[in-house]
Amino acid sequence: MKRHFTKFSSVILSASVAATGLVASSGELAEVMKKRGLSEVDVVRAAKTYNPSGVKDEFVVFSSAGQAGQVIVYGVPSMRILKYIGVFTPEPWQGYGFDEESKKVLRQGNIRGREINWGDTHHPALSEIDGKYDGKWLAINDKANPRIAIIDLADFETKQIVVNPVFKSAHGGAFFTQNSDYIIEACQYAAPFDNNYHPIEAYKEAYRGGVTMWKFDHKKGKIQEKESFTIEMPPYMQDLSDAGKGVSDGWGFTNSVNTEMYTGGIEVGMPPNEAGMSRNDTDFLHVYNWRKLGELAKDPKNVKIINDHKVIPMDIAVKNNALFLIPEPKSPHGVDVSPDGEYITVCGKLDTHASVFKWSKIKKLIDSKEYVGKDPYGIPILDMKKSLHGQAELGLGPLHNQYSPVDGEIYTSLYVDSQIVKWNYKTLKVLDKVNVHYNVGHLCGMEGKSADPQGKYIISLNKLAIDRFQNVGPLHPQNHQLIDISGKKMDLLVDMPLPLGEPHQAVAIRAEKLHGHVRYPMGTNSRTDSIHEGKTLAGQERIERDGNKVKIYATVVRSHINPERITVNKGDEVTMYLTNLERAQDEAHGFTIGHYNIHASLEPGKTASIKFIADIEGVFPYYCTEFCSALHLEMMGYLMVKDPNKKYESAQKMKMQTMSPAELQAEYEKTVATNAATDAVIQSVVKFLKDNNFDKHKIVAELVTDAFDQYGQIPAQKKLADEAVKAGDLEKAILFENMIWQLMVKTADVGIRAKDALVRIIATKQSAAAAAGEKAFGEGGCGGCHVIGKVSSGPDLTGVLERHGKDSQKWVKDFIMSPEHMYDDPYVKGMIDYFNLKMPNQHMNEKETKDIIEYLKWVDENANLF
Ligand code: RUQ
Ligand code: CUA
């Protein structure tokens, strides 16, 4: 056991001491380039996106996952995927939709009593303060089933889903207003607000479009449904929207695509929708004063209640000068407000132009009531020309815009041309174009739609990938392409396949604005952020029965689930509360019971519950689903479901051989001795840590806290072991002593990591050669026998450069490069006898050998630390 432990710690030590700083041999780069067919430009692009292991990204992107109803999180510039967040769709890894707490969130999304288990997510939006992203909340819409979800960026979990009470679809959302007072959600396909049947012939009278203003409590991160309202609008198919900011704060802007109010009917001999809906030269940009309407909505006189929800009728909005229309080129797509709020760019989609409207001009027309007419519903229309700053001819199929910190600089996606175009919305001049692959929809700048765009990159969210990736069948992944915009010309750096649905829109935030937790306060219901009724601490585990209702209060911690045996009657309603007692970062456990369609993810401190009717009889193993520790497979138990109406015959007991009392005593003593030896190792690490003031370094101090979490559990186990000895039950005592050893190993695991971190902090800096040597030492497997600072399966190497005479370095070099020639050297012979091992030829080349010697010099300089 002792031996095993030393090995174990040496593995940790050698793995974690391996440093960065490898120096490429001369010509290696050219060789790799040649082998892989890379040009110099390729290598520069690779270098711009490559993150060495452990290095984090500058920006974090939240991308819609389209039909998957989830959110994809990835980093820029590395384009590495970090997480999928379950939102409208069950997501088993996170237990989303499989534990009771998350089911409650998912079921908030039921519509008219019906469970809906997917979503067509389009537009994620980050919460804002003064128009700048604050990294607190993420909202995303579902177009198919008009809903909005709120994700908490403290733990990246979905906390709320609201259903739009009057819309039947919703595309133009989510968009936060500049201080996150409201979230805008525009309807897409016009439909009756009530839930009744209305013939399509009554389209103009009974079908409606609109914009819902969801009131948002920024502190709590919750939509307040009762304080939200919808602005009734004509059945024009309101589309993408944006909130005004700066000078235009308080106003909202929403495009539309079917002011023709065409309703198709191929089956009755009518031209298809696509022909009738794009007949007019212009559609309408809707301009509305949501702040004023929000005030009006507080007075019951001004609202109609439909499906228990406030709707402001069009005539009320018109009477209060809060709703206007401006013609815009037909069937437009994106509308995007500039960082200062003064310019509003509408993309033509079917028109080659982008139209730049100017807020001060619009405002002037509104203030002076200068209208060119009214639409059939009585809404005043402003003159298009007088509202426009100008138009720019960009190319075919302009869709969406993003901004950069350069004054007037804007980036627009061209769907038909498959290009990103950089231009200036003030001078209306096109500056550059770059080809993308293929057919771009949205594009994502770094905080590119906030009041504080960061520039640097644009991501092109392409609808088609065609030939870009390995063929994986007719359904292709999506293609996100990263473009460097820091130079005069745009430069496409890299492709990333996204295989989870069609990510319409993505938003990016500077990584340092995100402050995710690593653990919950003990016993937290993560979906409500309150202490869970089922919170269970160590020692409180229990099974409670009330008739046919069984409640189990369980805990999980490396590496056991408590309780380990649960017996219930067939038909019982079983609720199991599970609390993860861990405090250590990333020590999540998962929980499942076979056959019962159950899964929970238990991050440190979390309490989650599962509930089921035990309606099938039998024996069902349950276990932890995260490989959390060396004894992860042993982290299990049994659910036994028996039929109370059946008689079970007990099996005939087999006669098994058992240990003699003397053997038991010997094993007990051996176990205790192993523990004492292990504890001595721990104490030596503790001494080292204390001697070197570990508490001055936050990272080290945190690791030490984690280690002592484990160590602190030992006295209780020791007490149980000693009681068992007293009661004469050595069998049981051995098991408790084994448990103590488990806790010690976990302590040592983290403790040695702490020591290692401390050594790194206080040791002299390694030269590049020494670092390369350390790497060669680690990768060459030298650490398997040689542990720095210890005699292990081979001699300790501290001082090896001194102990072979004045030409020690040469001796070491020769020995590494061809040890078999020196097996007869008397010193080597002695060592072979002592360790019963021969140093093997590890086929190190000359450079590696030299580097290792440099590393050993560094070891000697810091010998006091090992
Ligand atoms: S959009 S089709 Cu944002 Cu371009 Cu949904
Ligand atoms: Cu806990 Cu595996």
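Just so you know, ligand 1 is whichever comes first in the structure, and atom 1 is the first atom listed for that ligand. Since we're looking at a predicted model, the values are computed, not measured.
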Problem - Check: H504 ring centre within less than 6.0 Å of H442 ring centre - result: no
Handout entry: Y74 and F62 aromatic centres sub-6.0 Å
Key = no
Practice task
Identify which protein N/O/S atoms are less than 2.8 Å from atom 3 (Cu) of ligand 1.
Solution key: H123 NE2, H442 NE2
Practice task
Have a look around atom 2 (Cu) of ligand 2 and list protein N/O/S atoms under 2.8 Å, or say none.
Solution key: C624 SG, E626 O, C628 SG, H632 ND1
Practice task
Would you check if the side chain of T592 reaches a backbone N or O of I598 as a donor-acceptor pair within less than 3.5 Å?
Solution key: yes
Do [Y] and [X] meet the salt-bridge criterion of a basic N to acidic O distance under 4.0 Å?
{"X": "D709", "Y": "K746", "value": "no"}
{"X": "D336", "Y": "K449", "value": "yes"}
{"X": "R519", "Y": "E603", "value": "no"}
{"X": "E185", "Y": "K143", "value": "no"}

Exercise for the section: May I ask you to check whether N255 and D239 show a side-chain donor-acceptor distance below 3.5 Å? Expected result: no
Exercise for the section: Quick one: sort the F176 and F216 rings into parallel, tilted or perpendicular, breaks at 30° and 60°. Expected result: perpendicular
